[in-house]
Amino acid sequence: MTDLSSLRGDFPILAREINGKPLVYLDSAATTQKPQSVLDAMDRYYTQSNANVHRGAHTLAAEATDLYETARGKVARLIGASPSQLVFTRGTTTSLNHVAYGWGLNHLSEGDKIVITIMEHHANIVPWQLIAKHTGAELVYLELNDDFTVDTSTLDQVFDDRVKVVSFSGMSNVTGAIGPITQLRDAARAVGALTVLDAAQLVPHTPVDVDDLDVDFLAFSSHKMLGPTGIGGLWGKRERLEEMEPTEGGGEMINVVERHTSTWAPVPHKFEAGTPPIAEAVGFGAAVDYLSKVGLEAIESHERAITGYALERLSEVPDLTVYGPMDVTKRGGAVSFALGDIHPHDLATILDQDGIAIRAGHHCARPLMKYLEVPATARASFYLYNTDDEVDKLIESLHKARDVFGLN
Ligand code: 7TS
């Protein structure tokens, strides 16, 4: 395993105590903690260079614009993309809504099919439900295999020339299962459909190159990859972004505005109406610098090792069920589980007394919960700053919970 323990000191919050115990932060699938370099970059921006971007000729405006566009370049480079195809959005949710409303609304009609999977986050379900309602297109789900990976045995039945868009997660935020990206992309392409990849849990954890992925759109969030909230990315193939309508109108996104008509600024600005999140972009750029310095390969290898260790230790806990692949090559570091009949919220509360932060609930994936026939799960999720020692503390606390709830 790549030893990344020395970098814990870069994250000030990890020195915190919760309920008199050292914080064990196992909720990075929800949002990650931020290194000092990200906090400093944002602070520096506000103390030294704050101004609005793309307007005005004064020095600060030029500096702010330069910092904003430099950040775009950094984020684009991380995914092997051209900055001119990288739109800054509020995050994955907004990115997927841009695609649904900007592309789907104008390209789908009655009889068309939108294919998604049952393991999607609500951000990749609800926008498509709305577009299906607007256009008369049908929303079709792919289901799961026994090991929680997407069942691709039905592709021949589902994929016909009515399928126009296939939108799916690169990695489930609940089960950790990695999506069958190549298979779904090829099946989509064979029927002339486009592919939209929800990469919220992929870009932070594994090297991503848009040329290799060869999907049409890719959506991700800064706050899940050490950056601030309020910003994320939407990458798209050039022709797709060109044919996509803007979903928000206003300043920054126009070329010429007449009384009754307007023309658009070139992509990506066409999709960035209004004053953008400038300090957030700067922080996002600093987060990318940090991730690049550590290396996505090293991060992936560290997470795979710690997830493998966690799965091994969890399987020693009586009455514990893991909802997700047990094979670490088929999954990432979000590990959902149930402990006997203890409600996940009660479990999370007990663990919090030991300073351990896990998430409990439906994880914005209610259709998946229904499919798994559970109301909720407990979820521990790992990132580059987590250690085996923290896994041991989680296991110890789970044994304690068994005592408290009389499972022993
Ligand atoms: N898609 C996936 C796979 C996600 O995990 C999330 C957020 C989103 C989309 C939405 O991202 P946002 O940044 O726009 O909110 N997932 C979670 C989670 O698992 N717990 O809290 C947020």
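All values below come from the heavy atoms of this structure, side chains included, with hydrogens, waters and symmetry mates left out. Atoms within a ligand are numbered from 1 in the order they appear, just like the ligands themselves.
Ranked by closest heavy atom to atom 22 (C) of ligand 1, the top entry among Lys224, His223, His363, Arg90 is Lys224. The closest heavy-atom contact to atom 19 (O) of ligand 1, among the options Arg359, Arg379, Met119, His121, comes from Arg379.
Ligand 1 has no atom lying under 4.0 Å from any heavy atom of Cys364.
Of all the atoms in ligand 1, the ones that sit under 4.0 Å from a non-hydrogen atom of Asn173 are 5 (O), 16 (N), 18 (C), 19 (O). Residue Ser221 has at least one heavy-atom neighbour below 4.0 Å for each of these atoms of ligand 1: 11 (O), 12 (P), 13 (O), 14 (O). Close approach to Ala200 involves these atoms of ligand 1, each under 4.0 Å from a residue heavy atom: 1 (N), 2 (C), 4 (C), 9 (C).
Contacts of Glu120 with ligand 1, taken as heavy-atom pairs under 4.0 Å, are absent altogether. When heavy-atom distances to ligand 1 are checked against a 4.0 Å cut-off, Thr93 comes that close through both its backbone and its side chain.
Protein heavy atom in closest approach to atom 1 (N) of ligand 1: Asp198 OD2, 2.6 Å. The protein heavy-atom contact nearest to atom 5 (O) of ligand 1 is Gln201 NE2, 2.8 Å.
Contacts of Ser336 classified as side chain to side chain donor-acceptor pair (under 3.5 Å), with partners at least two apart in sequence or in another chain: Thr377. Applying the salt bridge (charged side-chain N to carboxylate O under 4.0 Å, His left out) rule to Lys393 yields the partners Asp389; only residues at least two apart in sequence or on another chain are considered.
Using cut-offs of 30° and 60° for the angle between ring planes, the Tyr385 and Phe11 rings count as perpendicular.
Side chain to side chain, Glu272 and Tyr68 meet the donor-acceptor criterion of an N or O pair below 3.5 Å.
For the pair Ser221 (side chain) and His223 (backbone), a donor-acceptor distance under 3.5 Å is absent. With His302 contributing its side chain and Leu384 its backbone, the two residues share a donor-acceptor pair below 3.5 Å.
His363 and His121 have their aromatic ring centers separated by at least 6.0 angstrom.
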